[in-house]
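Because the structure is a prediction, the values reported are computed rather than measured.
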Amino acid sequence: MYYEGNEKKCSLKFAMCAISGKWKCFIIWYLGAALPDTCRYGELKRSIPWNISHKMFSQQLRELEDDGIVIRQEFDEKPLRVEYTLTEAGKMLMPVILYLRDWGMIFGKGFNPDLMLNKSQGLISDDIISYGYESKQLNKSIKIEFKY
């Protein structure tokens with residue numbers, strides 16, 4: 001992602017640019033929550049239930065790779081095989097993505113929160129949903145609790 005001037009020094013700007021874009025949150029979601037850890041390009045593109053052009057999808061993946069969220073691995077095969085995986089930094093974003101999804105179902109118009117809570121990937125206890133991830137590799141962890 002390209003940043004200009006003082007934007008390079010703003011961590012919120014970096015974070016928002018890293019996950020903003022029409023498809024980035026969906027890519028992170030499907031790589032981390034809906035699919036196995038590693039996914040081929042075509043499988044990942046098909047898993048997102050909207051029509052995305054190859055150019056836009058590739059651009060979003062490239063930006064996620066540039067920002068250290070996704071790893072792209074090419075295999076020297078015919079035809080070329082390309083696989084994507086979340087980095088540890090990308091996995092640290094998963095609780096945030098899961099929280100945003102559940103926040104949307106609770107506060108978004110037209111959703112039935114009671115039905116949607118069954119789809120939450122957070123841990124539900126009483127009226128609290130918890131999300132977390134611990135990276136032994138990075139020696140960092142995240143925990144988010146949402147009282148709904």
Side-chain angles (χ1 to χ4, degrees), residues 1-4 7-8 10-124 129-146 148:
M1 177 70 44
Y2 178 72
Y3 307 99
E4 292 183 15
E7 293 175 355
K8 290 180 183 178
C10 180
S11 58
L12 181 58
K13 178 71 173 178
F14 170 77
M16 294 307 296
C17 286
I19 64 169
S20 69
K22 195 167 184 178
W23 307 110
K24 288 181 184 179
C25 284
F26 295 102
I27 292 168
I28 295 167
W29 162 264
Y30 279 97
L31 277 175
L35 295 171
D37 271 355
T38 299
C39 189
R40 293 180 76 166
Y41 174 90
E43 179 185 11
L44 180 58
K45 189 171 184 293
R46 281 189 303 275
S47 70
I48 297 175
W50 294 281
N51 189 19
I52 309 166
S53 72
H54 167 72
K55 179 181 176 185
M56 176 59 69
F57 194 65
S58 295
Q59 177 183 335
Q60 298 278 278
L61 282 166
R62 231 181 347 267
E63 290 175 8
L64 287 168
E65 184 182 10
D66 290 345
D67 287 334
I69 297 168
V70 168
I71 296 170
R72 179 182 192 270
Q73 187 172 7
E74 267 187 32
F75 296 88
D76 190 20
E77 300 174 357
K78 299 281 188 222
L80 181 66
R81 180 170 55 119
V82 178
E83 293 182 345
Y84 293 90
T85 308
L86 287 177
T87 63
E88 283 298 297
K91 290 175 184 176
M92 294 287 294
L93 275 173
M94 278 307 300
V96 175
I97 300 295
L98 294 172
Y99 164 76
L100 287 172
R101 180 207 169 269
D102 289 351
W103 180 90
M105 80 175 158
I106 290 171
F107 294 109
K109 293 182 178 162
F111 295 104
N112 181 336
D114 294 329
L115 292 176
M116 296 295 283
L117 281 172
N118 293 329
K119 295 181 180 181
S120 176
Q121 292 187 345
L123 298 175
I124 300 173
I129 306 174
S130 299
Y131 317 86
Y133 182 74
E134 182 177 349
S135 172
K136 294 189 187 321
Q137 182 181 350
L138 298 176
N139 195 28
K140 297 186 182 317
S141 63
I142 180 173
K143 183 173 183 181
I144 300 171
E145 289 188 345
F146 180 28
Y148 62 96

Student: Side-chain contact test, heavy atoms from C-beta onward, threshold under 4.5 Å: evaluate it for L98 versus I144 and give yes or no.
Tutor: no
Student: Where is the tightest heavy-atom contact between T87 and G68, given as atom of each residue plus distance?
Tutor: OG1-O, 2.6 Å
Student: Can you confirm whether I52 sits close enough to F26 that some side-chain heavy atom of one is under 4.5 Å from a side-chain heavy atom of the other?
Tutor: no
Student: Quick one, M94 with Y133, criterion side chain to side chain contact (heavy atoms under 4.5 Å, CB included). Give me CA distance, side-chain angles, the key distance, then yes/no.
Tutor: CA-CA 8 Å; M94 278 307 300; Y133 182 74; 5.9 Å; no
Student: Would you give the length of the straight line joining atom CE of M56 to atom NZ of K45, rounded to the nearest 0.5 angstrom?
Tutor: 11.5 Å
Student: For Y84 and E43, test the side chains for any donor-to-acceptor distance below 3.5 angstrom and give the result as yes or no.
Tutor: no
Student: Return the NZ to CD1 distance between K22 and I48, rounded to the nearest 0.5 Å.
Tutor: 12.0 Å
Student: Give the ring-plane orientation class for Y99 versus F146, where under 30° counts as parallel, over 60° as perpendicular and anything between as tilted.
Tutor: perpendicular
Student: Closest approach of L138 and S135, non-hydrogen atoms and distance?
Tutor: N-OG, 3.0 Å
Student: Please determine whether the number of non-hydrogen atoms from other residues, nucleotides or ligands lying under 6.0 Å from atom CG of N139 exceeds 12.
Tutor: no
Student: Taking the side chain as every heavy atom from C-beta outward, state whether K140 and E88 have any pair of such atoms under 4.5 Å apart.
Tutor: no
Student: Do Y148 and M105 make a side-chain contact, defined as non-hydrogen atoms from C-beta onward lying under 4.5 Å apart?
Tutor: no
Student: Which heavy atom of Y41 sits nearest a heavy atom of S58, and at what distance?
Tutor: OH-OG, 3.5 Å
Student: Between K24 and C17, is there a donor-acceptor pair closer than 3.5 Å when you use the side chain of the first and the backbone of the second?
Tutor: yes
Student: Measure the CD1-SG distance between I27 and C39 for me, rounded to the nearest 0.5 Å.
Tutor: 10.5 Å
Student: With heavy-atom distances below 4.5 Å as the criterion, would you say the side chains of V70 and L86 are in contact?
Tutor: yes
Student: Assign the ring pair W50 / W23 to parallel, tilted or perpendicular, where the plane angle (0 to 90°) is split at 30° and 60°.
Tutor: tilted
Student: Hey, does S47 have a side-chain heavy atom less than 4.5 Å from the side chain of W29?
Tutor: no
Student: Starting at CD1 of I69, measure out to CG of L93 and round the result to the nearest 0.5 Å.
Tutor: 5.5 Å
Student: If you measure from CD on E134 to CE on M92, what distance do you get to the nearest 0.5 Å?
Tutor: 9.0 Å
Student: Does D67 reach the side chain of F14, with side-chain heavy atoms less than 4.5 Å apart?
Tutor: yes
Student: Do R72 and L61 come close enough that some side-chain heavy atom pair is under 4.5 Å?
Tutor: no
Student: Search all heavy atoms of P95 against all heavy atoms of G132 and return the closest pair with its distance.
Tutor: CG-C, 3.7 Å
Student: Could you state the interatomic distance from CD (E83) to CG (L44), rounded to the nearest 0.5 Å?
Tutor: 11.5 Å
Student: Between E65 and R62, is there a side-chain N and carboxylate O pair less than 4.0 Å apart?
Tutor: no
Student: Does a side chain donor of either D102 or Y131 reach within less than 3.5 Å of an acceptor in the other side chain?
Tutor: yes
Student: On a heavy-atom basis, which atom in S120 and which in I129 lie closest, and how many Å separate them?
Tutor: OG-CG2, 3.7 Å
